[in-house]
Amino acid sequence: MYHVIGMPATEAERQWCCEPERFHEQMRWLRESGHVPVNMDTVAAWLDGRGGLPQNAVCVTFDDGTRCLRETALPILREFDMPATAYIVAGLLGADNDWLHAAGWSRRTLLDAVDLRALRDSAVTLGSHSLTHVDLSRVDNDAIRREVADSRARLEDTLGTAVEHFAYPFGRVRQYAYDAVREAGYRTAATVADGAVRRGDDPLLLSRVEVYNWDDLKRFSRKVRWGAADPELRPRSLKRVARRLLQFGGLYRPRLPT
Ligand SMILES: [Zn+2]
């Protein structure tokens, strides 16, 4: 899971800004180490039992849809022939990331309709990241339905293709939002819960592994191999390791938070 591919402009946003050179070396490493990039359609078909998944499959995702995706990430994805999936804030096309200003982020322009069509035409699968990036655990049910269903309709109008994937803003999900995502017809929905996706996982509660600004190639490769954002064996990560082992054994599944 990536957000911005670019240099951080403030300290507050540093964690979520992957510098272009790092992104380039990470994509090259994925290719050279025999990983097989897939998009979320392939993951969805595999989870549905209607398609296979290569052994070392990896799904590159971007949240928020800032302009750097087209300007900086797309040429690198093309260089390595990497499919990817990007989650777009459908009500803010061509606007900016105003929901992050209060948190100290710099002003970043979001992709507009022309950018989205260019990404679509270059093997980037586009999903919804709501209409306005509101925290779905903090708004009423009408607003949840609008954010989930209207964002899909609006993106489908813009793209002329089906939009089948969703990412919960801030990764926050409660029962009503989960139900709204299912009713709207999405095939998958991504959270920010840490971990790789395993067979049998709920397609509407997919975990991901976040890539941070300070991940050098050694840390990045460990993250991919371990399927964990914290790949160091430290006491506080032992619980996570135990959970992963249970998950491998089919004894643990991520659940909806209550
Ligand atoms: Zn977001």
Side-chain angles (χ1 to χ4, degrees), residues 1-6 8-18 23 39-40 43 59-74 84-112 115-116 119 124-139 143-144 146-152 154-155 158 163-174 176-178 180-181 184 186 188-195 197 204-213 215 229 254 256-257:
M1 168 175 44
Y2 293 94
H3 284 78
V4 170
I5 305 300
T10 70
E11 203 43 44
E13 68 182 13
R14 175 176 298 278
Q15 176 171 349
W16 296 277
C17 296
C18 180
F23 183 69
N39 63 21
M40 206 47 88
V43 176
C59 185
V60 173
T61 71
F62 302 94
D63 280 16
D64 300 344
T66 41
R67 247 198 115 236
C68 60
L69 279 195
R70 183 176 181 190
E71 290 169 351
T72 310
L74 188 59
T85 301
Y87 299 105
I88 305 302
V89 184
L92 296 176
L93 301 189
D96 73 35
N97 58 344
D98 61 356
W99 71 91
L100 286 166
H101 298 167
W105 283 54
S106 61
R107 189 170 291 276
R108 289 181 187 272
T109 306
L110 302 177
L111 299 162
D112 61 22
D115 297 323
L116 293 185
L119 288 167
V124 178
T125 299
L126 298 168
S128 166
H129 196 32
S130 81
L131 268 184
T132 62
H133 207 290
V134 71
D135 179 346
L136 296 178
S137 68
R138 288 171 169 238
V139 293
I144 291 174
R146 253 195 328 273
E147 292 281 338
V148 168
D150 294 3
S151 62
R152 181 178 191 200
R154 204 176 288 196
L155 285 174
T158 302
V163 170
E164 303 187 298
H165 309 287
F166 188 80
Y168 301 99
F170 308 103
R172 302 217 180 99
V173 50
R174 289 284 183 273
Y176 196 88
Y178 174 90
V181 165
Y186 291 102
T188 73
T191 69
V192 296
D194 181 37
V197 173
L204 301 184
L205 287 177
L206 297 181
S207 53
R208 290 186 286 176
V209 177
E210 186 159 4
V211 182
Y212 303 135
N213 166 272
D215 290 337
L256 199 61

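Bear in mind the structure is a predicted one, so any value in this text is a computation, not a measurement. When a ligand or atom number is given, it counts from 1 through the structure's own listing order.
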field: Closer than 2.8 Å to the Zn ion (ligand 1) - protein N, O or S atoms, ordered by chain and residue number
entry: D64 OD1, H129 NE2, H133 NE2
message: Listing request: all salt bridge (Lys or Arg N to Asp or Glu O under 4.0 Å) pairs with a residue in residues 128-137, at least two apart in sequence or in separate chains.
response: D135-R138, D135-R172
message: Filter on salt bridge (Lys or Arg N to Asp or Glu O under 4.0 Å), then keep only pairs touching residues 90-101, sequence neighbours left out; what's left?
response: D96-R107
Cation-aromatic face contact R152/F166, 6.0 Å, 45 degrees: no
Residues forming a ring pair (Phe, Tyr, Trp, His ring centres under 6.0 Å) with Y212, sequence neighbours excluded: W214
query: Do side-chain atoms of T85 reach the backbone of M40 as a donor and acceptor pair under 3.5 angstrom?
result: yes
field: Check: E13 and L100 side chains under 4.5 Å, non-hydrogen atoms
entry: no
